[in-house]
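First up is the structure itself, then whatever we jot down about it.
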Amino acid sequence: MTDQNSETKTAPTNFIRQIIEKDLAQGRHARIVTRFPPEPNGYLHIGHAKSICLNFGIAEAYQGDCQLRFDDTNPAKEEDEYIQSIQRDVSWLGFEWAGDVRYASGYFDTIYDCAVELIKKGLAYVESLTADEMREYRGTLKAPGKPSPYRERSVEENLALFEQMKNGDIDEGAAVLRAKIDMASPNISLRDPTLYRVRKIHHHQTGDKWCIYPMYDFTHPISDALEGVTHSLCTLEFEAHRPLYDWVIEHCALPAAPRQYEFARLNLNYTVTSKRKLKDLVDGGYVGGWDDPRMPTIAGLRRRGYTPASLRKFCEMVGVARADSVVDMGMLESAIRDDLNQNAPRAFCVLRPLKLVIENLPDGHEEMLDAPVHPQNEALGTRKIPLTREVFIDREDFLEEANKKFKRLVLDSEVRLRYGYVIRANEVIKDAAGNITEVRCTYDPDTLGKNPEGRKVRGVIHWVSATRNVPCEVRRYSRLFNEANPDKVAEEGLTFLSNINPDSLESLPAALAEESLLGALPETRYQFEREGYFAVDRDSTTEKLVFNMTVGLKEGF
RNA sequence: UGGGGUGUCGCCAAGUUGGUAAGGCAACGGGUUUUGAUCCCGUCAUCCGUAGGUUCGAGUCCUGCCACCCCAGCCA
């Protein structure tokens with residue numbers, strides 16, 4: 001324990017790990033088992049990454065297991081596409097679940113047996129009230145509920161009715177199975193919660209075997225117990241359900257007694273972390289899909305250029321606690337900058353090309369200049385950049401007049417072409433409308449790899465050969481919403497959609513990258529010097545590369 | 001007096017037998033620099049929602065108050 005890198009320097013500490021360490025120390029558990037239990041009704045987002053890192057991170061830290069289980073009890077909302085995407089995302093993040101993928105639906109037989117067991121114990125009954133009636137009988141937050149007229153049906157009648165529900169002899173909505181707990185409980189989730197409902201629809205895993213499906217509150221504790229989960233970690237909104245979780249564990253004959261612990265979900269400003277809202281963005285065509293680079297989904301962040309390590313680092317930075325919080329987007333950006341600054345190869349890419357002619361270079365001149373792949377890591381070697389008589393620089397790097405603060409090219413003054421020579425701008429060519437179309441310059445041949453004598457050249461700009469380059473489209477992104485909290489709407493009746501930033505995508509279709517990027521594969525990441533970090537998009541073709549800006553460089557002035 | 005939670009720097013977040021406020025992000029100074037980046041050095045809570053109390057001593061214990069979040073799906 002002498003030399004530790006930045007990713008392990010500060011071992012994560014949080015209240016859940018403390019509970020686990022205590023449980024281990026007291027011999028309560030010999031082995032820790034956690035689980036990540038998504039419902040396959042949407043793509044995973046950055047908030048899920050927090051849960052994934054927590055659950056899998058704990059399994060790694062204590063040499064236990066973390067299982068992947070699909071919480072698929074509501075076939076009406078679930079799809080196989082999501083089952084696939086979720087597995088892809090978890091794997092991509094760098095985690096391996098223990099054993100096979102599990103499905104709550106795989107436990108439907110046992111869950112059904114538990115229900116029968118509860119009925120026999122007089123702890124569950126078939127309700128024949130309608131949903132509306134049930135709501136009335138439930139009472140309110142401040143007023144207790146009252147017992148249903150069907151609450152005292154006999155065990156035999158309940159058994160027969162439940163059997164009928166299972167056999168499809170009872171219509172959807174005509175009956176549900178409820179736990180018999182306490183209609184006057186101050187905790188509403190204990191006022192005879194629904195355990196099973198009738199849904200005569202096809203299930204993506206169990207087909208048409210069932211027409212009754214168990215509710216989350218009944219399914220989850222049973223699934224956890226069957227899998228030997230020791231610590232069932234979920235978000236704060238399930239806290240009020242914990243007594244029900246414990247009730248199920250206590251009253252059903254289960255092989256283990258897992259415990260539920262809750263932590264605060266992740267919120268990020270200027271975006272949304274809610275599967276429902278993300279689905280609205282996709283279905284409404286506000287973004288290109290679940291993996292649109294502007295989406296805070298794992299798939300979107302991946303396409304944007306985020307690395308698995310950066311997302312893990314971010315989750316570690318954010319921590320795990322019980323206080324509601326909203327994390328600043330800047331922290332996510334810091335995590336990816338830190339990773340890419342260390343690991344991304346450097347390259348030149350001119351986003352808005354402006355032609356520059358070096359008049360004292362002959363036509364057809366070609367000179368291969370050496371540039372390091374990574375200035376801070378010589379081991380990565382060098383790349384060749386061709387210098388020709390005509391090159392392109394970024395329009396924003398030239399001004400006819402500027403004050404001393406402007407460290408780029410100005411008419412009648414000098415700047416260095418990075419990894420090349422110092423040049424001087426002598427003349428500006430404009431079109432009829434007055435737009436600058438070309439800058440004529442001369443270069444100083446005695447400035448390659450050394451400073452000119454007797455004068456200081458402060459600026460350095462990137463550039464690309466006008467004849468040897470690769471055309472590309474660069475897509476730059478800014479925040480998806482104009483409000484830090486997208487749910488804060490200007491006037492009543494509006495939704496978070498009213499806060500969408502209409503300018504979150506900016507395309508630069510005529511960018512030119514250095515020749516060495518030819519043939520770069522999707523998801524390859526680069527730092528475009530002086531611009532930021534970019535990743536090759538899968539929309540790239542052999543004629544034109546497409547880049548997504550992951551994040552810009554910090555701007556220090 | 002419905003129940004359950006949470007309040008420590010602009011944003012996260014440590015602080016676990018009370019002993020005199022970690023760290024990260026951001027920000028701000030300065031240095032290095034052929035990326036206005038990186039890197040390096042430094043600054044950044046006499047105060048822990050608030051008012052009292054206990055104590056030699058409280059973010060940590062007690063009492064009152066305030067603010068915010070969650071719960072009335074046959075969603076998860």
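So that the names make sense, note that chain A is the first sequence line, chain B the second, and so on, each numbered from 1.
- Between A/Thr140 and B/G2 there is no side-chain N or O to OP1 or OP2 distance below 4.0 Å.
- Across every strand in view, B/A14 sits unpaired, with no contact that passes the Watson-Crick or G-U test at under 3.5 angstrom.
- If you take atom C1' in B/C48 and the same atom in B/G18, they sit 15 Å apart, rounded to whole Å.
- Taking the side chain of A/Pro375 as heavy atoms from C-beta on, and the options B/A13, B/G15, B/U35, the nearest nucleotide is B/U35.
- Residue contacts shown for A/Gln527 include a base, since a base heavy atom lies under 4.0 Å away.
- Among B/C12, B/U38, B/C74, the nucleotide with an atom closest to any side-chain atom of A/Ser325 is B/C12.
- In this model, the phosphate group of B/C75 is approached by a side-chain N or O of A/Arg197 to a distance below 4.0 Å at OP1 or OP2.
- Spacing between atom CG of A/Leu351 and atom C1' of B/U35 amounts to 14 Å, rounded to whole angstrom units.
- Applying the 4.0 Å criterion to OP1 and OP2 of B/A76, one finds that A/Arg276 has every side-chain N and O outside that range.
- Backbone-only engagement by A/Arg138 is indicated by non-hydrogen atom pairs under 4.0 Å involving sugar-phosphate atoms exclusively.
- Note on A/Arg416: a base of the nucleic acid sits closer than 4.0 angstrom, heavy atoms only.
- The one candidate from A/Phe263, A/Phe15, A/Tyr261 that meets the ring-ring contact (aromatic ring centres under 6.0 Å, His included) condition with A/His231 is A/Tyr261.
- B/G57 is unpaired under the criterion used here, namely a Watson-Crick or G-U wobble arrangement in which both key atom distances are under 3.5 Å.
- Partner assigned to B/U50 is B/G64, using Watson-Crick or G-U wobble distances below 3.5 angstrom.
- Put simply, the side chain of A/Arg408 and the base of B/G36 share a donor and an acceptor less than 3.5 Å apart.
- Within 4.0 Å (heavy atoms only), A/Val326 reaches sugar-phosphate atoms of the nucleic acid but no base atom.
- Nearest to the side chain of A/Glu237, among B/A13, B/C70, B/C11, sits B/C70.
- Between A/Arg199 and B/G73, a side-chain N or O to OP1/OP2 separation shorter than 4.0 Å is absent.
- Without hydrogens or angle criteria, A/Arg242 side chain to A/Arg259 main chain gives no donor-acceptor distance under 3.5 Å.
- The side chain of A/Glu239 lies closest to B/G4 when the candidates are B/G4, B/G73, B/U34.
- The closest donor-acceptor contact from the side chain of A/Asp444 to the backbone of A/Val422 lies at 3.5 Å or more, if one exists at all.
- Taking the P atoms as reference points, B/G23 lies 13 Å from B/C41, given to the whole Å.
- Rounded to a whole Å, the CZ atom of A/Arg242 is 10 Å from the C1' atom of B/G5.
- In this model, no side-chain donor or acceptor of A/Glu531 finds a partner on the base of B/U35 within 3.5 Å.
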Q: Dump the intermediate steps for side chain to side chain donor-acceptor pair (under 3.5 Å) on A/Glu39 and A/Asn41, then the final yes or no.
A: CA-CA 6 Å; A/Glu39 181 187 14; A/Asn41 66 343; 2.9 Å; yes
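- Judged by Watson-Crick or G-U wobble contacts below 3.5 Å, the nucleotide B/C44 has no partner.
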Q) What string of B, S and - do you get for nucleotides 26-33 of chain B 5' to 3' if you count protein non-hydrogen atoms under 4.0 Å? A) SS------
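- Among the atoms of the strands shown, base atoms are found under 4.0 Å from some heavy atom of A/Gln18.
- Under the Watson-Crick or G-U wobble criterion, with both distances below 3.5 Å, B/G2 is paired with B/C71.
- When the side-chain nitrogen and oxygen atoms of A/Ser185 are compared with OP1 and OP2 of B/G3, none of them lie within a distance under 4.0 Å.
- Separation of atoms CG (A/Asn74) and OH (A/Tyr213) is listed at 9.5 Å; rounding is to 0.5 Å.
- Under the side chain to side chain contact (heavy atoms under 4.5 Å, CB included) test applied with A/Leu409, the options A/Leu354, A/Asp397, A/Leu399, A/Ile423 reduce to a single match, A/Ile423.
- Contact annotation: A/Arg322 side-chain N/O to B/G5 OP1/OP2 distance is not under 4.0 Å.
- Listed nucleotides: B/G2, B/U6, B/C11. Nearest to the side chain of A/Lys142: B/G2.
- The shortest distance between the side-chain N/O atoms of A/Gln376 and the OP1/OP2 oxygens of B/U34 is not below 4.0 Å.
- Across B/C56 and B/G42, the matching P atoms stand 41 Å from one another, rounded to whole Å.
- Comparing the same atom, P, in B/C9 and in B/G5 gives a spacing of 23 Å after rounding to whole Å.
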